[in-house]
Every structure is written in C-alpha cells, then in structure tokens.
Amino acid sequence: MHNDSFMLQAFVFLLSAVIAVPLAKRVGLGSVMGYLCAGAVIGPFGLGLMGDDVESLMSFAEFGVVLMLFLIGLELDPAVLWRMRISVLGLGGLQVLVTSLLFFAAGLALGFSWQVSLATGSILSLSSTAIVLQTLEEKSLLKTESGQSSFSVLLFQDIAVIPLLAILPLLAMELPELANKTEHIPGWETALKVILVVAAIVLVGRWVSRYLFRIIAETRLRETFTATALMLVVGIALLMNEVGLSPALGTFVAGVVLANSEYRHELESEIEPFKGLLLALFFISVGASIDFDFLLQHPWLISGLLAALIGGKMLVLVILGRLFGLSGKSNSVFTFSLAQGGEFAFVLFTFAENNRVLGTDITAPLTVVVALSMVATPLLMSINERWVQPRLSGNRVQKDNNTADTIDNHEARAIVVGFGRFGQIVGRLLRINGFNITILDHDAVQIDSVRRFGHKVFFGDASRPDLLVSAGIEDAELLVISIDDHNRSMDLVRLVKRHFPHVRILARARGRHQAVELLRAGVDHVERESFHSALRLGREALRSLGFRAYQARRSAELFRHYDELMLQEMVEAPDDEKTRLNLARQNSRDLQDLMQTDMQAEVENQEHNWDRG
Amino acid sequence: MTAASSRALVIYAHPRHQTSRACRQLLAAISDLDEVTIRDLYEEYPDFHINIGHEQSLLRNHQLVIFLFPLYWYSAPSLLKEWQDRVLNFALDEVPGRAGPEQDPLQGRMLWIATSVGASFSSFSAEGGNRYPLEQYLLPYEQTARVCRMAWQTPFMVCQARRKPESVLQRQAQSFRSILLGKLQALDNA
Ligand SMILES: Cc1cc2nc3c(=O)[nH]c(=O)nc-3n(C[C@H](O)[C@H](O)[C@H](O)COP(=O)(O)O)c2cc1C
C-alpha cells in the first residue's frame, strides 16, 4: 500500500516535470522555471497532489545541491581554485558583508531589534546555489567571467553558513548572558574540527579512493561503481552533518580532491543523473512550498518585501561587480543571477525560529518572499538577456565567452579512446607536439601502467554518451579510436556520428573488411592496424633481395596507393557479400597488373628522348 | 691529417641507380679509394628524412665535396636539393666576417660537380638545342659554393650518357678517377 502511494507520488512528480519543463523551455525560461511552476501547481496550495510533507521532501531533495557541488568540485582542480581565491574571498566576502549590513540597517529603520535585524539581514544575504548554477549552466555561462564571479560568491556563501549557524543562537540571548556564553563557545575547537575533517577528506580522496576505485573498476560492474561513487558522497555529507559543517561544502572539497584523478569523468557521469533528478525534485518542492494563501492575504506586504530584497541585492551586486572590474555585460549577468534568497534561508529561518531568535510573524512572510525571489530568478535572467544585454554593447556576436576567461581554456581538443599499444603511439605523438589530449580507456590495469609515464588517463567505457560528454566531446575537434575491439569501435562511431557529428573521427581497423565498415559508418580516416608495418617489412624484404632502398620504397608506396584505391572502391560498392567477394578477387588481379605496368614505365621513362639534342 | 683519413666526400644522388650506366661507372671508378667517403643519398634516405647533424659533421671532416648526379631537368634529382636545403644552412649561421673553422664551417673546402647528361656536348652551345653551355645551368651550384666560401671546381661531365657504349663510359670514368687523384694529391701537398 505504502509502496503504491510512493509510486503514485513519483508519477505525479515526473508527469508534472514532463509537462512543465518543455513548456517553460519553449517560452525561453529554462528548466528551473518549469520545475518551480510544476511544484506550485501540484503543491498543497495548488492541486494538493504532493502529500503534505513538503518540508521533509525538500530536505531530502537538498541532497541534489550536495551532489551538484560535488560535480562542480570535480571540474575545478586545486590550482584553478587557488587562482580564484581573490574573487571568492574578496567579491564573495564583500557581497555577504555589505548585503547583510544593508538589510540590517533596513531592519533597524523599520523598528526591529538589532538581533532580529542582524539575523534576517545575514540570512537574506545568501543566494540560491541550486538555481543560479543550474540556470547559468543551461545558458552555458558557467565558464565565463560572469559565471565564475557568481560561482565565487556562491562558494563563499556556502562557507559563510558555518559561522552563521554558530552565531544565530547567540542572538536570542540578552547581552550579559551573551558575554558569559561566548567564553564557552570554543572557536578553536570548531576550527580544529573543520581542519581535521577537511584533512581526512583530502587524505581519503587522494590516496585511499584511488585504490578503492581501481578494485571496483576491475570488477567491471557498473552498478558497483555507481554505488561506490554515491556511497562516497553520502558518506561525506553525513560526516559533515555530524560535525556541524555544510555537507555541500564537504562534498565540494571531495570533488576538488578528485578532480585530478583518472576516474573523474566516470564519477561525473555516474553522479550526474542523480544530481539532475534530485535537483528537479528540489525545485519542485520549492515551488510547492510557496504559501499562496499568505500571498493572497498580504499581497502588498509580500510584493514590497520582494522588491526590496531583489532591489537591495542587485544594488550591492552591481556596485561590487564594477569594483572588481567586471565588464558591463558580465556585470549585468552577475547582478541579475544572484539577486534572490537561497535555499539555506529556509533552513536558517527554521533554525532561528527554534532558537527563539525570530518569530513566525517574521519568518512566514520572508519564507514566501525568498521562495518567490527564487521563482523570479529565471524571469530576471530572461529580462537581462532580452532587454539589458543588447543595450550594453552594440556587438552582439561577441558574447562574453571570450576564450580567455573560461576555466578550462586548455581543454583538450582531441580525445583518444583506447590507450593500448596503438593509442599510446598516437597519443605520444600528439603530446610531444604540444597538444593536450584526453585519454579514455576501460581497462583499469592499462590506465595504471600508463599513468606512470605521466599521462592523464581516464577510466571509463567510451560507448556511453554521458561519459563522452564529460570527457569534453562537445568541444573536442577530434576523436581517435584506437581500441582493438571492432564491434565496440563501430558502436562508438555510430554514437558519435549521431550525437556529435561535428567531431572528426580517425579510427584503427583490424583489417580491410573492418576498415570498409568503419568508413561506411562515416569515419573520416581509417588505418588498418598491421598494414603499414607489414608494408614496411615488405620493403625491407625487397631490399634484402637486392632492391635499392628508394626502389623498394617506391614499390611499397605504389602498392599502398592501389590498395587504398581499392579499399575506397569497396566502400562505395553495394554492400552485399557477392559483390564484395568479386571485387576482392578482381582487385588482387588488377593490383598485380597495375603495378607491373607502373614499374615498367618507371624503367623506360623515355630517358632516351633526352639524347636527341 | 693522417693519410688514412678520408678527404673526399661524394654526395651521390641517383633515384634509379639500378638502371644507371654513366653514374654507376663514375662511382665504381672511385669507390675503391681509401680517401673517398661515399654518401648514397637515395639509399640512405629513401624517405627523404635526412640526418642533418650527421651530414654536417661529414662535411666538416672532408676537404673536397663532390656532388655526383644525373642531370634531371637541368638540375639535380630532388633528394640532393632536399639535402642542400636541410644541411647547408649551417654554413650561413655563423657571423660573417669572423674567420676560423668554427665560424665558417665550409670555408676553404672545394665543391666539385660531376654529372651525366642525356644530351650531346654540342647541344650545350648557342647553336644547340640547349642554347647555353652546361656551366650556365650549374650556376646556382657555383654561387652556392661561393656563399659557403668553398672553392668552385670545374665540373666534370659525361654527355649522351644513355647512348655511349660501355667502353667509352669506362674510359671517361677512368679520367674522372685521375682528376680526383690529382686533386687529392694537391690537397696533400698544400
Ligand atoms: C626525369 C629525367 C629528367 C632528365 N632531364 C634531363 C635534362 O634536363 N637534360 C639532359 O640532357 N638530360 C636529361 N635527362 C637524361 C639524364 O640526364 C640521363 O638519362 C642520365 O644522365 C643518364 O645517366 P645514368 O646512366 O647514370 O642514369 C633526364 C632524365 C630523366 C629521367
């Protein structure tokens, strides 16, 4: 019975998403808006299809945010993070500080106590990591200057939650009591805990996980790998909760630690679908939590507060963006994207209520306002895109996606799949010539041996689109397929041809027959794995039998030329067994004749015509 | 320099040595000499990938450089051109004006061209089909020698190379050998 109701709920969620998301996308608002609206419609204040425990659903769904930060961490290796330190601490720190002060002052001006003003001010200074990052990513703005700045601010906010959780309870107390109490709050103990936990994560991520993943990978069971990846993230989240730190922050650190690991791509594609589903659930529950009754009862209060929240945030953001040298366009994306309350506000409001810092008279309207500000974000981004951006510069083609300000501007242009004896030669040649390559191999043992030579190799089954995407196929120019399993090569070719037709494919083929199949499937260039070495050896054989080196070379080259012509003929011939056999038989006869004629011409070559003069 | 060490470097470029008559004779007539090193370019570098350092050090160690080739389209076969393009530039690398073996690696060496041609001697004249003497066609080599500060030697030619009977070619090859010996002698006396 219970099971049935779970299935029914799941069905309602999925159905609402399936209807709302395409609709929202059609009108240009992005998936986040779709989920939020779907949530509002099916929520307790709409059709009431969700059951009544929206809050516990939301806290479950918040795990999607945790997964998202893990994935973001995976994309940033420590070096990149270090480069961002100024914008995280400077821009992020100032955003939280100045926004808090602004709302604090507003609270005082409205006649609230300083405690209440400070609590609400600091809670409202936070923005929504989930909504902002999802929206930026959907608009492929995440790797631009503006996206990076937004990300820095969000990162700082995630860190700021830790001291906030510590400070809020203090605000409930009278001043003398406070002075008393602070002595018992051992700041160094918390600090020590943080350091220990982070150190543990780094330690495990760096050294232990590698062996764990290798052992798991060798079992060749995908589910086990998925389970391990999820276990890792859940475990860290639990640990962080246990010591009172933000789980999102902990998994982010774990992600950064694993960013350099060869399992990065595989992890990314394993976690990605879970993140997607949970985030969707999260957005739906945010939509569902909007208290429409309250909104209808106090329309003016709510809209006033909403305008103040968004306006105040935008004001601070635009000034800080200017101060930190963002260009006009980047600054407007930055400003419009971060102007909402965050999911942490829900948590912190409840927390503050429980600690008797804020009363429901304050948290009830503000919760609605924060939820509405989240809904407003996709709208604001669209307004920015349609009306603000075009005005900021006449040059529309040159969006702010200058290659110079992307995170990974050294992203590999070529992907080599299969790094055995064949792929290694290709890869080494490319690297020697200064090209970064991404290497995919499904053999964990292989990877381990190759990594010792200083290559960056990633583990995974390349015939899965998600893995190819995380390996960067969307931006890659070239795919080199050097695996020895013909059927897997063919699968890969079909897949890439279907989903990423812009990529040039070079492939290794076992023999003539396989080469023809690959070429028919649309590979741009094929090399038969033993053809050239056999020809080379043939050349040496000719020399051993008395040919001149150059003569042997010419002969081998001629052979190659005709052989490749015939291969091309077979590619173009109709694909049936009989034609193919005939063609092959005829070809080997032709080759002999053609070569004989050419060699003859080579000898005679009208040399005598030169002595007529 | 010790007597045993090689003094003449033959840069031989013939893409079809196997059917050669003239150049083959010229080469055979000198290949027994201790003082001669032969570089058979088409045999060494059938893929045209020249070992530059090795060729340059050979040049440094020889006093007389001989280009031996059949004339193809009024020039040398392409691998010799490739060899020139890859190897010779080091002669210009150094600062001109400063003397000494390090500064001018080829200075004072001799460049001698030996070539076989299909056409007759008389065709290389104002009245003949080739209109100019053969030396004119070899002007780029002469100037190359000058730029590299090498002493240009009067070229050795075998005309009507495909037509002449074997015995005539043999005689010419012998005179090629004795001119070479004369040059080596002169080097020893210097
Ligand atoms: C591709 C080619 C180009 C030639 N160009 C010329 C030329 O420009 N002038 C000429 O007199 N002979 C020319 N010949 C004739 C060669 O010089 C002649 O066959 C060669 O010197 C014979 O020497 P061998 O017996 O060592 O091969 C040419 C021959 C070939 C194959």
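Naming convention: chains lettered A, B, ... in sequence-line order (proteins, then strands); numbering from 1 in each chain. All values below were derived from every heavy atom in this structure, side-chain atoms included, with hydrogens, water molecules and symmetry-related copies excluded.
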Report, as yes or no, whether the 6.0 Å neighbourhood of atom CZ on A:Arg520 holds more than 12 heavy atoms from other residues, nucleotides or ligands. yes

Max heavy-atom pair count under 4.5 Å with chain A, selected residue of B:Phe124, B:Tyr45, B:Tyr42: B:Tyr42

Counting only heavy atoms not in B:Arg39 (residues, nucleotides, ligands), do more than 12 fall under 6.0 Å from its CZ? yes

Within residues 527-540 of chain A, contacts to chain B at heavy-atom distances under 4.5 Å involve A:Arg536, A:Arg539

Do other residues, nucleotides or ligands put more than 12 heavy atoms under 6.0 Å from the CZ atom of B:Phe48? yes

B:Asp40 portion near chain A, given a 4.5 angstrom heavy-atom threshold: side chain

A quick test of your reading: do over 12 heavy atoms of other residues, nucleotides or ligands sit less than 6.0 Å from NE2 of A:His502? yes

Roughly how far apart are B:Arg16 CZ and A:Arg548 CZ, rounded to 0.5 Å? 12.0 Å

Give, for atom CD of B:Gln18 and atom CZ of A:Phe547, the distance between the pair rounded to the nearest 0.5 Å. 8.0 Å

CH2 on A:Trp610 to CZ on B:Arg163, rounded to 0.5 Å: 14.5 Å

